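Here is the structure we will look at, set down as structure tokens.
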Amino acid sequence: MTNQTTKSQDGQARLEALYEVSSQLGTSLDLSEVLNQVMDAIIQLTGAERGFLMLYDEVNGKLHTEAARNVDQETIEGQTMQISRTVLQRAATTGKGILTSNAQEDERFSTQESVIGFQLRSIMCVPLRARGRIIGAVYVDNRLFSGVFQNDDLELLATFANQAAIAIDNARLFTQTDQALARRVEELSIFQRIDQQLNQSLDLNAVLSSALGWAMRHTTADSGSIGLIEETEEGELVLHLLVDTHSDEDEQRFVPVNHPILAQVLAEKQAVFTQHVSEAQAIDGSPAQVQLCVPILREGQVRGLITLESQTAVAIDEVDKEFVERLADRAAVAIENASLYEKIAAANQSKSEFISIVTHELRLPMTSIKGYTDLIISGMTGELNEQQKQFMEVIKRNLGRMSVLISDLSDINRMESGRMAFEFGTFDIRDTVEDVVDSLRERLDTRNQTLKVDVQPDVTAVYADFRRVNQVLTNLLSNANKYTPDGRQVVIQVLQENGRAQIAVIDSGIGISPENQAKLFTQFFRAEDEAVREQAGWGLGLSIVKKMVEAQGGEIWFKSTLGEGSTFAFTVPSAKIEAAE
Ligand code: ADP
């Protein structure tokens, strides 16, 4: 190509080609697509017979073949192309383009043994430079008889390589960010599921099993355990393995705190990764290739340990460690909640047993005290003088109070422990109203209170426990009687609404202040008011009533104005009406 015109025409054609292939770059951010575009463009531009492109691996810093044309990976890595790799390596290290038409005679490569004996080739190689550093290099060659590269070929390749490197770098960055983001999103969604599952249960064993399950699935560990630090009866600290894939559920396993690995975790409050785990180092006592021990930390204290083991050295790595650490943080909260709940449940259980024993033991002697008191008062054991009569009445009244307290306490106890039995049946709420009014008539009369009963005619039969509904209404009417001044009116109103009967006790009594209204239905609450304190009561009635109404499928509510009166209303589900035959 000595002719001047041809040369300039040729130059223009090359520039056009360069423009053409360069404009293709940047249309994609997919790394393999960009690499393929670049490789095709290089072959097209240089007319080379074959070529390949290598990039530095960011992790190990080594050059890797990323794309090739008319030559396969095996050949590139083989003996025959050692010279090619050397040339490329040189371009990538020096940052300079290389052009040689005879590698065997080129002193830069002639020392390479492998050059000898191979076909002579014309070689061209340029570095790929982006963001101020070399990211790799491209290599092309031709057999000598089919075409020798010239200097302007090298220039063209170098110009294109500059643009190609930027496109590759962009795609690589994008892929990395994309992958990192995808990893993060995946992790977040996993943790969201973990949180959900962990917080779903207050059963300590279920929480621990689920935490260990997640850790093992995510790390591909072959075995593992999760344990909590506990104090033995002798006051020694141990790690109690509560969930352990090596042992059956009944087997209790404890690891002393002076176990070498456990001691290290306790001292450093950090995860400990052990390789070639000996029997003495293993938390479960059996040797493994790798063991990861991650502390469960709460308020700066090691509360427990997640241990994962594998017989394969590579099964658990640094990324797994970070995952399990994050998992342990989350599990810590759920474990704390579940173990607190377990303690509260145990305390409640003992309280419930205690109350049950006490109420039972008190009932027996009280029955006999009451029997003898009634006997003495009746005069069957001899005439009583006025003072004796008075004293006996005081004893009787107080016995009454005590028996109310005992039956209230035992009701609460049975409701709270779910042992209260309800005998459901169909009955007419009018019968309940009648019964309750009868039993409290005397108390209403004593205070000259008038009682108005208003039962709407459309009220149908209800389905509930007759005795318990009676108890609820008795309680409310008794309160109306106690907290309404003498001579005023009390109304019982029964309506049918939305498939249930609504029973309201409306008084014109002392009312309840807004502040006290917020405390209503809590156990032992009684207003400070003198009018309340002069009435007998323990402040348990309303809390029992609420639980009883709700246990029978009803609701209870109230409205009250201080000094004017209160309305307490509750509902009882109506019995289903059978279709008429
Ligand atoms: P007790 O009547 O034994 O105190 P309750 O649980 O039935 O227990 O009621 C709790 C408190 O609620 C009462 O002490 C009183 O202060 C208030 N209260 C309940 N019913 C009424 C009412 N009808 N009018 C005014 N205050 C009431």
Side-chain angles (χ1 to χ4, degrees), residues 355 359 362 397-416 420 432-433 436-437 439-454 468-494 502-552 554-571:
I355 293 179
T359 49
L362 282 176
R397 252 202 325 278
N398 282 305
L399 271 174
R401 293 189 58 195
M402 279 176 73
S403 100
V404 168
L405 176 63
I406 291 169
S407 85
D408 279 2
L409 281 177
S410 102
D411 276 352
I412 287 179
N413 208 26
R414 274 184 285 164
M415 299 279 316
E416 283 182 350
M420 164 93 53
T432 315
V433 175
V436 174
V437 170
S439 70
L440 289 176
R441 175 68 69 192
E442 202 187 312
R443 280 175 53 182
L444 290 158
D445 289 346
T446 318
R447 303 197 62 179
N448 285 324
Q449 289 160 339
T450 48
L451 176 71
K452 196 177 144 216
V453 177
D454 172 16
R468 300 295 176 198
V469 175
N470 188 306
Q471 196 176 342
V472 170
L473 187 58
T474 304
N475 227 302
L476 298 183
L477 187 59
S478 153
N479 279 353
N481 162 254
K482 287 195 290 186
Y483 307 121
T484 300
D486 293 2
R488 300 239 185 117
Q489 196 189 44
V490 177
V491 178
I492 297 179
Q493 189 186 61
V494 187
Q502 178 188 306
I503 304 107
V505 178
I506 308 155
D507 68 41
S508 44
I510 56 173
I512 306 159
S513 70
E515 189 195 346
N516 284 341
Q517 286 182 20
K519 300 177 198 154
L520 229 56
F521 299 113
T522 49
Q523 286 173 14
F524 297 107
F525 166 74
R526 303 200 78 204
E528 289 301 331
D529 204 317
E530 207 184 312
V532 169
R533 294 299 155 132
E534 69 190 16
Q535 296 295 328
W538 300 99
L540 291 171
L542 284 182
S543 71
I544 296 172
V545 159
K546 184 169 162 43
K547 287 197 177 85
M548 267 183 192
V549 168
E550 287 168 359
Q552 295 178 87
E555 280 177 283
I556 182 163
W557 67 95
F558 69 94
K559 57 178 197 276
S560 180
T561 311
L562 193 62
E564 288 182 18
S566 317
T567 297
F568 281 84
F570 67 101
T571 56

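Given the structure is predicted, the values throughout are model-derived calculations rather than measurements. Note that ligands are numbered from 1 as they come in the structure, with each ligand's atoms numbered from 1 the same way.
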All N/O donor-acceptor pairs, side-chain side in residues 533-540, below 3.5 Å, sequence neighbours left out:
residue : atom : partner : partner atom : Å
Arg533  : NE   : Ala527  : O            : 2.9
Arg533  : NH2  : Arg526  : O            : 2.8
Arg533  : NH2  : Ala527  : O            : 3.3
Trp538  : NE1  : Arg401  : O            : 3.3

Next on the checklist: If the condition is side chain to side chain donor-acceptor pair (under 3.5 Å), which residues does Thr359 pass it with, not counting sequence neighbours?
Outcome noted: none

Item to check | Polar side-chain atom of Asn470 near backbone of Thr432 as donor-acceptor pair, under 3.5 Å | outcome: no

Checklist entry - Donor-acceptor pair, Gln493 side chain versus Ile506 backbone, under 3.5 Å? => result no

Checklist outcome for this item: Sequence neighbours excluded, the answer for side chain to side chain donor-acceptor pair (under 3.5 Å) partners of Asn481 is Arg443, Gln449

Checklist outcome for this item: CG of Leu473 to CD1 of Ile492, rounded to nearest 0.5 Å, is 5.0 Å

Next on the checklist: Can you list every protein residue that has a heavy atom under 4.0 Å from any atom of ligand 1, sorted by chain and residue number?
Outcome noted: Asn479, Lys482, Tyr483, Asp507, Ile510, Gly511, Ile512, Leu520, Phe525, Arg526, Ala527, Val532, Gly537, Trp538, Gly539, Leu540, Gly541, Leu542, Ser566, Phe568

